Amino acid sequence: MKRCTNEMNIGFFDSGIGGLSVLREALALMPNENYLYYADSDNTPYGTKTRDEVKKLAFRAVEFLISKGIKALVIACNTATSASVEDLRKAYDFPIIGMEPAVKPAVARSLNGGKRVLVLTTPLTLREVKFRELVTRVDPEHIVDGIPAPKLVELAERFTFDGPEVEEYFREILPWDKISCYGTIVLGCTHFPFFRDTLARILPQSIDIIDGNRGTVNHLYDVLKSKNMLNPSNKPGRVLFFRSGVPVEDPLLLEKYNRLLRS
Ligand code: DGL
């Protein structure tokens with residue numbers, strides 16, 4: 001493995017563009033770091049695959065990022081975290097930060113108001129033991145419901161975040177007959193924060209919409225700081241993008257990625 005220096009990259013990976021919603025938080029908090037972003041677009045979506053398939057893809061992505069030189073890894077994907085974080089941590093000795101749906105803060109908020117929590121995730125995240133254990137740990141009153149929303153991943157990969165197709169899908173999957181029972185909706189997939197504005201428009205204003213991105217990035221910062229691994233440079237860092245191992249050079253696609261990072 002290459003020698004680790006603090007100027008080295010922080011590797012981010014996701015099945016596609018979802019992890020950009022995490023990377024944009026990282027850029028806001030740590031603009032002087034250098035980042036590699038791996039979108040596994042040849043293999044998206046992960047959420048409808050098996051655990052073993054996703055684990056294999058996660059190792060492939062991480063091996064690629066290691067070959068380019070990383071000092072830490074963010075699995076910017078709830079689904080890949082569920083399927084692979086434990087095995088990745090056993091295999092590698094650099095810091096590995098995973099995602100977890102923000103169920104804990106959602107339960108705290110909703111309990112206060114006597115409301116329920118609705119978690120939107122991929123099908124794989126929802127059926128994984130990691131998610132069930134999380135809910136068991138933080139939801140003693142049984143106020144959490146989960147629903148899979150796989151089509152949002154497909155829509156996001158087409159950069160379709162609003163419009164009739166998106167609204168119709170939300171009309172189809174959300175429990176409208178009891179929507180006023182919910183106080184918080186958790187976006188438990190990193191592709192979903194890009195739909196926040198559309199959701200906010202169609203949901204009652206009383207429902208909070210939250211995700212775990214800020215918490216993950218704060219944790220990344222704390223880990224790097226505690227290990228003295230933050231980049232000491234005071235110049236802005238850079239982001240390099242890869243699609244399933246191939247550098248992204250198409251200016252139109254780069255512009256779309258960068259637009260999401262600025263959104
Ligand atoms: N963005 C991913 C997540 O957070 C996975 C989406 C997919 O490929 O199904 O779960």
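Just so you know, these numbers come straight off a predicted model, no measurement behind them. When a ligand or atom number is given, it counts from 1 through the structure's own listing order. What you see below is based on every heavy atom in this structure, not just the backbone, and it leaves out hydrogens, waters and symmetry mates.
- At a heavy-atom cutoff of 4.0 Å, ligand 1 is contacted by the side chain of Asp14 but not by its backbone.
- Remark: Glu172 does not engage Lys151 in a salt bridge, criterion side-chain N to carboxylate O under 4.0 Å.
- The shortest distance between side-chain heavy atoms of Arg259 and Ser263 does not fall below 4.5 Å.
- Of all atoms in ligand 1, listed by their number and element, those nearer than 4.0 Å to a heavy atom of Val153 are 6 (C), 7 (C), 8 (O), 9 (O).
- Scanning the protein for heavy atoms near atom 2 (C) of ligand 1, the closest one is Cys77 SG, 3.2 Å.
- Closest heavy-atom contact between Ser82 and Glu128: CB-CG, 3.6 Å.
- Looking at atom 10 (O) of ligand 1, its nearest protein heavy atom turns out to be Thr79 OG1, 2.5 Å.
- Checked by distance only, ligand 1 and Thr125 stay at 3.5 Å or farther apart across all their nitrogen or oxygen atoms.
- Distance alone, capped at 3.5 Å, places no donor-acceptor pair between the Lys68 side chain and the Phe64 backbone.
- In the vicinity of Asn78, heavy-atom distances shorter than 4.0 Å reach the ligand 1 atoms 3 (C), 4 (O), 10 (O).
- Side-chain contact check for Leu261 versus Tyr37: every heavy-atom pair is 4.5 Å or farther apart.
- Under a cutoff of 6.0 Å and an axis angle of 45°, Lys115 and Tyr182 do not form a cation-pi pair.
- Not a single N or O atom of Thr122, backbone or side chain, sits closer than 3.5 Å to an N or O atom of ligand 1.
- Only the side chain of Ser15 comes within 4.0 Å of ligand 1, judged by heavy-atom distances.
- Aromatic pair Tyr38/Phe242: ring centres not closer than 6.0 Å.
- Looking from atom 9 (O) of ligand 1 to the surrounding protein, the closest heavy atom is Gly47 N, 2.7 Å.
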